[in-house]
*Asks:* 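Once you've had a glance at the structure underneath, I'll fire off some questions.
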Amino acid sequence: MKIQLTNIGKRFGSNKAGWIFRNKDLLMTTGKSYAITGRNGAGKSTLLKIISGGLTPTLGIVQFFNDAEKEFFWTDTAHLVNYAAPYMELLEYLTLKEHVKFHFQFKKYMTGMDQMSFIQAIQMEAHQNKLVKDFSSGMKQRLKLAFALYTENPIILLDEPTSNLDDQWSEWYLAETTNIKSNRLLVIASNQPNEYAFCNEVINLNE
């Protein structure tokens with residue numbers, strides 16, 4: 001899998017001050033991990049949303065290619081991408097077990113995993129019948145990351161992945177991303193070096 005961003009720019013509003021970034025060229029390939037960094041407001045989350053297909057760039061194009069160099073339409077790539085961010089919403093009036101079942105009606109489990117092993121991997125067996133709305137912020141973030149990491153898709157996009165996680169689960173995040181990064185295309189938006197120290201390339205939006 002390959003993602004090519006050519007002359008990407010994003011502006012909110014109609015005046016020059018509305019530009020978040022522009023003239024960005026990036027090439028990202030499977031088997032490598034990339035960190036998007038920059039000061040607050042530099043556009044890290046915005047760029048991640050553009051890559052995911054959830055936001056349209058003001059300038060430039062985003063192209064996806066499979067291993068045979070066949071291009072996918074950018075708007076048809078949702079089935080290729082796993083995305084996790086603190087601002088993403090969960091279905092809070094489902095129980096954990098119901099939410100996992102619902103998610104995997106549309107996605108595939110990582111090879112060798114099923115509903116129970118998914119729940120066990122995030123140590124939530126005791127909470128499987130609890131409504132997600134009653135989870136702590138750390139439990140919700142753990143679930144979001146698990147959906148991204150344990151769903152069988154070639155591209156993983158993570159925004160501030162250890163937000164609301166304690167030390168134990170921050171270490172789990174690092175272990176799991178290190179384990180999968182060799183056969184996925186992993187992109188992390190962060191200003192915390194501990195979240196992306198293992199990445200092959202760092203893209204600073206302020207440069």
Side-chain angles (χ1 to χ4, degrees), residues 1-3 26-37 44-45 47-48 51-52 64-67 77-88 90 96-97 99-128 132 135-203:
M1 182 64 60
K2 180 170 68 176
I3 304 175
L26 299 173
L27 176 63
M28 296 177 285
T29 59
T30 295
K32 291 187 177 181
S33 47
Y34 303 84
I36 300 173
T37 67
K44 300 183 297 297
S45 298
L47 183 56
L48 213 63
I51 295 170
S52 76
F64 288 75
F65 301 91
N66 65 14
D67 293 338
T77 55
H79 68 289
L80 302 174
V81 175
N82 300 341
Y83 193 108
Y87 46 79
M88 289 180 64
L90 294 167
L96 172 61
K97 186 185 289 187
H99 204 325
V100 173
K101 181 180 179 180
F102 178 80
H103 176 85
F104 287 106
Q105 286 179 343
F106 306 97
K107 306 276 189 174
K108 292 183 179 180
Y109 286 103
M110 187 173 67
T111 302
M113 185 166 277
D114 58 16
Q115 184 185 67
M116 185 49 64
S117 60
F118 177 96
I119 293 172
Q120 289 172 339
I122 52 176
Q123 297 181 17
M124 288 192 185
E125 301 96 305
H127 305 287
Q128 58 186 301
V132 173
F135 284 8
S136 68
S137 57
M139 292 170 69
K140 290 178 181 178
Q141 180 64 7
R142 199 190 316 172
L143 179 57
K144 293 172 191 178
L145 284 173
F147 281 141
L149 297 173
Y150 298 147
T151 297
E152 193 65 59
N153 275 336
I155 300 166
I156 300 177
L157 309 178
L158 305 177
D159 197 350
E160 299 182 351
T162 64
S163 293
N164 301 314
L165 296 185
D166 61 20
D167 290 344
Q168 174 190 350
W169 289 101
S170 293
E171 291 176 6
W172 164 81
Y173 152 77
L174 289 172
E176 292 301 298
T177 48
T178 300
N179 184 49
I180 65 172
K181 69 185 182 72
S182 62
N183 57 13
R184 308 266 195 114
L185 198 170
L186 178 61
V187 187
I188 300 165
S190 174
N191 273 336
Q192 304 297 324
N194 60 297
E195 293 183 336
Y196 63 81
F198 57 85
C199 287
N200 302 103
E201 186 174 338
V202 176
I203 301 145

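One is the number of the first residue; the rest follow in order along the sequence. Owing to the predicted nature of the structure, the values given are computational and were not obtained by experimental measurement.
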*Asks:* Residues in side-chain hydrogen bond (donor to acceptor under 3.5 Å, both in side chains) with Asn200, at least two apart?
*Replies:* Ser33
*Asks:* Once side chain to side chain contact (heavy atoms under 4.5 Å, CB included) is applied, do any residues pair with Pro154, and if so which ones, sequence neighbours excluded?
*Replies:* Met1, Leu80
*Asks:* Under the side chain to side chain contact (heavy atoms under 4.5 Å, CB included) rule, collect the residues that match up with Ser137, sequence neighbours excluded.
*Replies:*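 Applying side chain to side chain contact (heavy atoms under 4.5 Å, CB included) to Ser137 gives Asn164.
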*Asks:* So which pairs with a foot in residues 178-192 pass side-chain hydrogen bond (donor to acceptor under 3.5 Å, both in side chains), sequence neighbours left out?
*Replies:*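 Passing the test, one end in residues 178-192: Ser190-Glu195.
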*Asks:* Is it true that, when you exclude Lys32 itself, more than 12 heavy atoms of the residues, nucleotides or ligands shown sit nearer than 6.0 Å to its NZ?
*Replies:* no
*Asks:* Please report the C-alpha distance between Tyr34 and Thr29 in whole Å, then the side-chain angles of each, then the deciding distance to 0.1 Å, and finally whether the side-chain contact (heavy atoms from CB on, under 4.5 Å) criterion is met.
*Replies:* CA-CA 9 Å; Tyr34 303 84; Thr29 59; 3.6 Å; yes
*Asks:* Answer yes or no: is there a donor N or O on one side and an acceptor on the other, between the side chain of Ser136 and the main chain of Met139, under 3.5 Å?
*Replies:* yes
*Asks:* Can you tell me how far apart CG (Leu96) and CD (Gln128) are? Round to the nearest 0.5 Å.
*Replies:*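 If I round to the nearest 0.5 Å, the distance is 7.0 Å.
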*Asks:* Begin from the C-alpha positions of Ile155 and Phe64 and carry the test side-chain contact (heavy atoms from CB on, under 4.5 Å) through to its verdict.
*Replies:* CA-CA 11 Å; Ile155 300 166; Phe64 288 75; 3.5 Å; yes
*Asks:* Flag the pair Leu158 / Leu186 as yes when at least one side-chain heavy-atom distance between them is below 4.5 Å, and no otherwise.
*Replies:* yes
*Asks:* Taking the side chain from Arg142 and the backbone from Ile122, do they hold a donor-acceptor pair closer than 3.5 Å?
*Replies:*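 Yes; at least one donor-acceptor contact below 3.5 Å.
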*Asks:* Lys144: what forms a side-chain hydrogen bond (donor to acceptor under 3.5 Å, both in side chains) with it, not counting sequence neighbours?
*Replies:*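 Residues passing side-chain hydrogen bond (donor to acceptor under 3.5 Å, both in side chains) with Lys144: none at all.
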*Asks:* Ser117: which residues meet the side chain to side chain contact (heavy atoms under 4.5 Å, CB included) condition with it, sequence neighbours left out?
*Replies:*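 With neighbours one apart ignored, the set is Met113, Asp114, Gln120.
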*Asks:* Could you tell me whether the side chain of Leu165 reaches within less than 4.5 Å of the side chain of Leu145, counting heavy atoms only?
*Replies:* yes
*Asks:* Which atom pairs, one a donor and one an acceptor, fall under 3.5 Å between side chains of residues 100-107 and the rest of the protein, sequence neighbours left out?
*Replies:*
unit_1	atom_1	unit_2	atom_2	d
His103	NE2	Thr151	OG1	3.0
Lys107	NZ	Ala78	O	3.3

*Asks:* Can you tell if the side chain of Leu149 reaches within under 4.5 Å of the side chain of Thr177, non-hydrogen atoms only?
*Replies:*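 Leu149 reaches Thr177 side chain to side chain.
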*Asks:* Can you tell if the side chain of Phe118 reaches within under 4.5 Å of the side chain of Leu143, non-hydrogen atoms only?
*Replies:*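 Touching, per the 4.5 Å side-chain cut-off.
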*Asks:* Using the test side-chain hydrogen bond (donor to acceptor under 3.5 Å, both in side chains), find all partners of Trp172 that sit at least two apart in sequence or belong to another chain.
*Replies:* Tyr150
*Asks:* Walk me through it: do Phe135 and Leu90 pass the test side-chain contact (heavy atoms from CB on, under 4.5 Å)?
*Replies:* CA-CA 11 Å; Phe135 284 8; Leu90 294 167; 5.9 Å; no
*Asks:* Please find the pair of heavy atoms, one from Gln141 and one from Ser163, that lie closest to each other, and give the distance.
*Replies:* CG-O, 3.0 Å
*Asks:* State which residues pass ring-ring contact (aromatic ring centres under 6.0 Å, His included) with His127; sequence neighbours excluded, sorted by chain then number.
*Replies:*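 Applying ring-ring contact (aromatic ring centres under 6.0 Å, His included) to His127 gives none.
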*Asks:* Per the salt bridge (Lys or Arg N to Asp or Glu O under 4.0 Å) rule, what does the pair list look like for residues 155-180, sequence neighbours excluded?
*Replies:* none
*Asks:* Determine, stepwise, if the pair Gln115 / Ile119 fulfils side-chain contact (heavy atoms from CB on, under 4.5 Å).
*Replies:* CA-CA 6 Å; Gln115 184 185 67; Ile119 293 172; 4.2 Å; yes
*Asks:* List in chain and number order the residues that pass salt bridge (charged side-chain N to carboxylate O under 4.0 Å, His left out) with Lys2, two or more places apart in sequence or in another chain; answer none if no residue qualifies.
*Replies:* Glu69
*Asks:* Over all heavy atoms of both residues, which pair between Leu48 and Leu157 is shortest? Give the atoms and the distance, please.
*Replies:*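 Smallest interatomic distance, heavy atoms only, reads O-CD1, 3.8 Å.
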*Asks:* Which pair of heavy atoms, one from Ala148 and one from Ala84, lies closest together, and at what distance?
*Replies:* CB-CB, 3.9 Å
